Number of protein chains: 2
Amino acid sequence: MAGESRNWVLMVTAQTPTNIAVIKYWGKRDENLILPINDSISVTLDPNHLCTTTTVAVSPSFKQDRMWLNRKEISLSGGRYQNCLREIRNRACDVEDKKKGIKILKEDWGKLHLHIASYNNFPTAAGLASSAAGFACLVFALAKLMNLKEDQSQLSAIARQGSGSACRSLYGGFVKWIMGKEENGSDSLAVQLTDEKQWDDLVIVIAVVSSRQKETSSTSGMRESVKTSLLLQHRAKEIVPKRILQMEEAIKNCDFTSFAQLTCADSNQFHAVCMDSCPPIFYMNDTSHRIINIAEKWNRSEETPQVAYTFDAGPNAVLIARNRQTAALLIQRLLYYFPPNSDDLNSYVIGDKSILQDAGLTGMKDVEGLPPPPETKDNIPSQKYKGDVSHFICTRPGRGPVLLADESLALLDSENGLPK
Amino acid sequence: MAGESRNWVLMVTAQTPTNIAVIKYWGKRDENLILPINDSISVTLDPNHLCTTTTVAVSPSFKQDRMWLNRKEISLSGGRYQNCLREIRNRACDVEDKKKGIKILKEDWGKLHLHIASYNNFPTAAGLASSAAGFACLVFALAKLMNLKEDQSQLSAIARQGSGSACRSLYGGFVKWIMGKEENGSDSLAVQLTDEKQWDDLVIVIAVVSSRQKETSSTSGMRESVKTSLLLQHRAKEIVPKRILQMEEAIKNCDFTSFAQLTCADSNQFHAVCMDSCPPIFYMNDTSHRIINIAEKWNRSEETPQVAYTFDAGPNAVLIARNRQTAALLIQRLLYYFPPNSDDLNSYVIGDKSILQDAGLTGMKDVEGLPPPPETKDNIPSQKYKGDVSHFICTRPGRGPVLLADESLALLDSENGLPK
């Protein structure tokens, strides 16, 4: 290890997307290595709207590994962080920064400490896959810093050991996590099915649902399901393998009808397995059910799916619209049933606001003037559920991890390696 | 057929209980004969609190078959009524009432018309198995009127053709509906496992949950599940047969721990299968989920189940307490979380009110003074859900159908055969 002084800091900043599974991961066959009981498929969400930014730094002046998440220092002692750090250090290579006159040899990495700062541009632990984006970004950034020679798939197998679904955030577009067969987990990794440009008319609307319930974490929830659900093994062994093939075909052909049917059915089956666990796990609430009913009624009235829905381990709905036109019709329906509590439409629908404009919704007057959706016309005036949705995020499928070269975007100070 | 005049009316009045399945019936293999895809087991509820009373009458003066349900005339043209009436008429025998000087020969029944009046002492179609009690009572009363020689099991196979679960209301105590193998359904009938006196310390509390949702009928719901759920066949073929054996064992041994585990697991699995249907069916709502969570938390804190829960095709909870002591503790918990909207405790907890007294709850002051259940003590003050439960019904396992000899209890006038 060579540098002009012990005070140099070498840094890398990366940005990594979150992802949402359309064929669900639920159940581990190995709790420590995080090996799943079935393959899963996800769509990566546009990092412009939902992403984690992570700066990793190394310096001979650092006394210990430290990490700050959303500006608050957190412990790195957990097994999941330790597994990722160990796996990456084991693969570290020589690094040279000629401009700064820094050279770190492969064997030096074991003696050097790291500072890590991570920031989510969306609420952490609100059921928006923050740990997936977080671990993917940590692994990706450290791999760059330490000059790992592994490809994205091999990195995904490291990220997997931090949070299973994190492995799917190493790619953009549609991604498959192959469960693998090896006991050591070396073949349990992510591969890209198609990049985000292949099927670029999809629009995604996330309904962040207000909830006062304390939720079961997905880690403990899936452990309970594996232990107690009599339906889970049947799902993993008999149903998912076929669905994976069908979903790959649907994605390859940009076949929205098949994609939507598989996505909705698999989300519902995942929640069915949760309910079949003992004690039963309820992630969806009445608002989630209402959103499903709105989507199902609309899809049926159009005879072909306009929107797919999927729910992870929480009440938030992720709605995937066929294209921009249907996304506009979708947001009209959503705002009709779930008008904002306040008059601030601007903070109620965030992300890609152009969908609002397409829908002709530029202010609260437009929202109040929305007619009931035509598919409800024979019914009694439909009830509205003001306040049941916290806000909506409009986004789309997006790209995989990127490095942020602009040092001004780093979360750590380049002089002292502490949070800015 | 002989009588002093054409104006005689011959009547029979019967009372039949409702039942709640503890191993669920969900899915038909024959829609017309109502043949199920698995065995089911139920407990019959005390007819003092929930029952149907039906008067059936025959008279040469009646011009057509007519029926009144809860004092309102309804059509008998539906296939289910027609199937029951045909099957019973086919088995009718000679009837003689010497006192009245009436003699009806076997072959006369085809020419005579019937009047039927039925009354539920609980809200119809509130998810409280009114059609089960109703068809059981219709078949039982007609069988008595027409002097059928068939035993209760054989009658249950007729009631089954009116409403599947009706076959289980022909007996008190615990009842098994054997799915049978015959194509004509002749061996798909109910048998009594134990009568209501065998396990007589159970107490049942029904939470009638307020709901504004229009629900999927169980008939169309189970049709959708059979068509679309990939988990249903696995449940019916692989899981239920083992559970039936375990449940029979638990009932035989009055083994509450095993009984409660099986009851809760099977209710949850039935709702899981509903959710796995396409479109998904949600019968439980947030209030149902809260009641489950209250029961599960309490059971876990006691290490052995105090209460079992089960939900049919609606949000109402049927809670089965181990004995009177635990029932008192249960009603305390329920009233703590779900206090009445009004001050009228007397109309909020109906049925066997002695449970309220055991619980020391004689007025609203006592309800307001209820401390949080001890199992919540480490938590932040628990939320209350006033208005989310419409009312509670306290009851117990009960007897099967009975004849009501007292003519003053008949629902039809003995002179003209019309509703009183």
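Remember, it's a predicted structure, so these values are computed and weren't measured experimentally. Throughout, protein chains are lettered first and strands after them, A, B, ... in sequence-line order, and every chain is numbered starting at 1.
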Student: Identify the two heavy atoms, one from A/Ala272 and one from B/Met275, that lie closest to each other, and give their separation to 0.1 Å.
Tutor: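 The answer is N-SD, 3.8 Å.
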
Student: Measure the CD-CG distance between B/Glu238 and A/Leu231 for me, rounded to the nearest 0.5 Å.
Tutor: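 Rounded to the nearest 0.5 Å, the CD-CG separation comes out at 11.5 Å.
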
Student: Please enumerate all residues that pass salt bridge (charged side-chain N to carboxylate O under 4.0 Å, His left out) together with A/Lys237, with sequence neighbours excluded.
Tutor: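 By the salt bridge (charged side-chain N to carboxylate O under 4.0 Å, His left out) rule, A/Lys237 matches no residue at all.
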
Student: Looking at every heavy atom in both A/His234 and B/His234, which two are closest together, and how far apart are they?
Tutor: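 It is ND1-ND1, 3.2 Å.
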
Student: Would the number of heavy atoms belonging to other residues, nucleotides or ligands and lying under 6.0 Å from NZ of A/Lys384 be above 12?
Tutor: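 Atom NZ in A/Lys384 is packed in, count exceeds 12.
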
Student: Heavy-atom distances under 4.5 Å only: say whether A/Ile239 touches chain B with side chain, backbone, both or neither.
Tutor: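 A/Ile239 touches chain B through side-chain heavy atoms alone.
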
Student: Report the relative orientation of the aromatic rings in B/His289 and A/Phe282; use parallel for angles under 30°, tilted for 30 to 60°, perpendicular for over 60°.
Tutor: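 Taking A/Phe282 first and then B/His289, their aromatic rings lie parallel (interplane angle under 30°).
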
Student: Can you tell which part of B/Gln269 gets under 4.5 Å to a heavy atom of chain A, answering side chain, backbone, both or neither?
Tutor: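 Contact with chain A involves both backbone and side-chain atoms of B/Gln269.
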
Student: Name the region of B/Leu230, side chain, backbone, both or neither, that has any atom closer than 4.5 Å to a heavy atom of chain A.
Tutor: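 Its backbone and side chain both get close to chain A.
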
Student: Is there a side-chain contact between A/Pro280 and B/His271, using heavy atoms and a 4.5 Å cut-off?
Tutor: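 Side chain of A/Pro280 against side chain of B/His271, heavy atoms only: no contact under 4.5 Å found.
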
Student: Using a cut-off of under 4.5 Å on heavy-atom pairs, state which of A/Asn299, A/Thr228, A/Asp286 scores highest against chain B.
Tutor: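 That would be A/Asp286.
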
